[in-house]
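Here the structure is laid out as structure tokens; the discussion comes afterwards.
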Amino acid sequence: MARPTPLSGFPEWLPDGRVVEQHVLDTLRRTFELHGFAGIETRAVEPLDQLLRKGETSKEVYVLRRLQEEQDGDAEGSRADRAAAAEKQLGLHFDLTVPFARYVLENAGRLAFPFKRYQIQKVWRGERPQDGRFREFVQADIDVVGAGELPYHYEVELPLVMAEALGALRDVGVPEVRILVNNRKVAEGFYRGLGLDDVEGVLRQVDKLDKIGPDAVAELLQAEQGAAPEQAKACLELAAISGADTTVVDRVRALAASYDAVTELLETGLGELAALIEAAARRAPGVVVADLKIARGLDYYTGSVYETVLVGHEQLGSICSGGRYDTLASDGKNTYPGVGLSIGVSRLVSRLLSAGLVAATRGVPTAVLVAVTDEAHRDRSDAVAAALRARGVPADVAPSAAKFGKQIKVADRRGIPFVWFPAQPGEDGTEPAVLSGEVKDIRSGEQVDADAATWEPPAEDLFPRVVPAAAE
RNA sequence: GUGGCUAUAGCUCAGUCGGUAGAGCGCCUGGUUGUGGUCCAGGAGGUCGCCGGUUCAAGCCCGGUUAGCCACCCCA
């Protein structure tokens, strides 16, 4: 069979890359749990109409179809049947927020609100892949939803939890992060105050600022959103405002006043933004920065919005985004407003690996490879390995009784730090104690007598570790 | 979905003016007395993405196709 070509957009790491990814996942999970988030997992599929509710019909959703479907449905079955079937068509979820909203509605009676949950799963998007952009990738979400209402302070708390989670990865070489925040109410209040009612459209154009520059955005605003030159100018001036302290709020207020664009909504938003910046400056200085050009494409955000960049890797795009949403989870009678953020784990890990920022000390768990003297005595090696494992030392037995040089090479290729040589029979043919032998640190070459019932490797060699790549 | 670029050994790549393939790394074997890495010697491994066309002759030129990369779009 011909070698399969890799599918771009569906990343697969080698074992040492997986060690890095697993460390990231473990760290995130631990932080989330420290903050009281409960873990859940939702199914991979949702009804298609649910997934497309987000508005954006152009969303590249992977649709699920059975191979035999056509034969089943085609022959008989009325138009109506087929229409109903289409409605029930399943798609792979493209984020974790929409499935979570559905989950909340479905289990509202059994959940305690405000409900804090984390969710770490794969999602799928049928977009064209690029560096850091995948068609299948892992997201790590945290969300808080309330029943009927959700206090504002959660909009402050959530980004700080993420800052802590990502900060906990700093010691393995993950760069510093910057969480950029804005508030939808500010943007909407400002635009409406200016007389621009297509808030979505304006946001979409402003979002391109970093890529195409202010002049091009001004043109688009006039061409696509029908803004007057004066209005476009005001939008750009707003977008230019950023900073880590509350003077940002004063600057926005002054700008709005100069255009006579102050609205109640704007004031509400500014109040929220000020509270967020103040609290963040106190609890995680330097991490959270207000940036009035942060737009977020998703239309369901109603309050704070967040984007996170890796300092020094801004081109990669956001590695953690989210915001406040008021009506995503609603059954018509009850609404469950929420706020959440999502880390793009695959995007983060792919950059950590490709840029050589972090590395695993080895790709296999094995700390000790037990050599086999000859196949007739393999059971002695098995016994040594069993004794080591019984005390929590990951041990493996050499695949064949090759020359010792080869067996050392087997360990070396895998990054296994120690090789165990079972004791040889004495010259007079006496059998040595089964668990006795010599253990060699193949990095230093040092070899010492050892007993498998008591010997253990240094703690730092017991399991693979994730370390800054430069230090290796 | 739109546009640009690319496709040769396991990996990274070279291949002149069209004359049926090369390097480095990796891998395997050996350099006796059971201990790797360095060194030396040898070796295996390629329908040049796929289909068709032009030509005496195609890795190279032309058309198509598939896949990948990059930008747009969108977003983690």
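Note on naming: letters A, B, ... go to the chains in the order of the sequence lines (proteins, then strands), and numbering restarts at 1 for each one. It should be emphasised that the depicted structure is a prediction, and the values quoted were computed from it without experimental measurement.
You'll find that the side chain of A/Pro129 is closest to B/C69, out of B/C69, B/A76, B/C28. Between B/G36, B/C74, B/A76, one nucleotide has an atom nearer to the side chain of A/Lys409 than all others, and that is B/G36. For A/Ile442, whose side chain is taken as the heavy atoms from C-beta onward, the closest listed nucleotide among B/G36, B/U2, B/C74 is B/G36. Here the nucleotide nearest the side chain of A/Asp374, chosen from B/C74, B/G34, B/A76, is B/G34. Taking only side-chain atoms of A/Arg125, from C-beta outward, the nucleotide of B/C74, B/C75, B/C70 with the closest atom is B/C75. Among the nucleotides B/G1, B/G31, B/C74, the one closest to the side chain of A/Lys403 is B/G31. Of the listed nucleotides (B/G34, B/A76, B/C70), B/A76 has the atom at the smallest distance from the side chain of A/Arg347. When each of B/G36, B/G31, B/G68 is scored by its nearest atom to the side-chain atoms of A/Arg135, the top-ranked nucleotide is B/G68. The side chain of A/Phe421 sits closest to B/U35 out of B/U35, B/G1, B/A76.
Only the C1' atoms considered, B/U16 is 29 Å distant from B/G26, to the nearest whole Å. Between B/G22 and B/A9, the distance separating the two P atoms is 14 Å to the nearest Å. B/U20 sits 14 Å from B/A57 when the P atoms are compared, rounded to a whole Å. Between B/G1 and B/U65, the two P atoms lie 13 Å apart (nearest whole Å).
The CZ atom of A/Arg413 sits 20 Å away from the P atom of B/U35 (whole-angstrom rounding). Between the NZ atom of A/Lys440 and the P atom of B/G36 there is a distance of 7 Å, rounded to whole Å. In this structure, A/Arg414 places its CZ atom 17 Å from P of B/G37, rounding to the nearest Å. One atom, CD of A/Gln119, and another, P of B/A76, lie 15 Å apart when rounded to the nearest Å. Here B/G36 presents its P atom at 21 Å from CH2 of A/Trp420, a figure rounded to the nearest Å. When rounded to the nearest whole Å, the span between CG of A/Asp131 and P of B/C69 equals 9 Å. Rounded to whole angstrom, the span from the CD atom of A/Glu127 across to the C1' atom of B/C72 amounts to 12 Å. Going from atom CG of A/Leu14 over to atom P of B/G10 covers 17 Å, rounded to whole Å.
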Please set out all donor-acceptor pairs under 3.5 angstrom arising from side-chain atoms of residues 399-413 of chain A, sequence neighbours excluded.
unit_1   : atom_1 : unit_2   : atom_2 : d
A/Gln407 : OE1    : A/Val372 : N      : 2.9
A/Gln407 : NE2    : A/Val372 : O      : 2.9
A/Gln407 : NE2    : A/Ala402 : O      : 2.7

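Aromatic pair A/Phe418/A/Trp455: centroids less than 6.0 angstrom apart.
Remark on RNA chain B: of its neighbouring residues A/Gly445 and A/Gly126, the 5'-side contact belongs to A/Gly126, judged by nearest-heavy-atom nucleotide. Between A/Gln130 and A/Ser342, the residue anchored closer to the 5' end of RNA chain B is A/Gln130, taking for each the nucleotide with the nearest heavy atom.
Among the heavy atoms of the strands, none lies under 4.0 Å from A/Ala411. Residue contacts shown for A/Arg351 are absent, as no nucleic acid heavy atom lies under 4.0 Å away. Within 4.0 Å (heavy atoms only), A/Ser346 reaches no atom of the nucleic acid at all. The residue A/Lys208 sits close only to the backbone: its heavy atoms come under 4.0 Å of sugar-phosphate atoms, none of a base. A/Gly132 comes within 4.0 angstrom of a base, heavy atoms only.
By the 5.5 angstrom centroid cut-off and the 30-degree plane limit, A/Phe404 is classified as not stacked against the base of B/G36.
Below 30°, between 30° and 60°, or above 60°: for A/Tyr103 and A/Phe115 the angle between ring planes is below 30°, a parallel geometry. The aromatic rings of A/Tyr118 and A/Phe32 sit tilted relative to each other, their planes meeting at an angle between 30° and 60°. Aromatic ring orientation, A/Phe134 versus A/Trp13: perpendicular (interplanar angle above 60°, classes split at 30° and 60°).
Proximity of A/Lys406 to the phosphate of B/U29: a side-chain N or O atom is located under 4.0 Å from OP1 or OP2.
One can find a donor-acceptor pair under 3.5 Å joining the base of B/U35 and the side-chain atoms of A/Gln447.
The partner of B/C50 is B/G64, judged by Watson-Crick or G-U wobble contacts that both fall below 3.5 Å. The base-pairing partner of B/C69, taking Watson-Crick or G-U wobble contacts with both distances under 3.5 Å, is B/G4. In this structure, B/G42 and B/C28 make a Watson-Crick or G-U wobble pair, each of the two defining distances being under 3.5 angstrom.
Between A/Lys440 and A/Glu438, none of the side-chain N atoms (NZ, or NE/NH1/NH2) sits under 4.0 Å from a carboxylate O, so this pair counts as no salt bridge.
For the pair A/Arg135 and A/Phe94, the cation-pi criterion (under 6.0 Å, within 45° of the ring axis) is not fulfilled.
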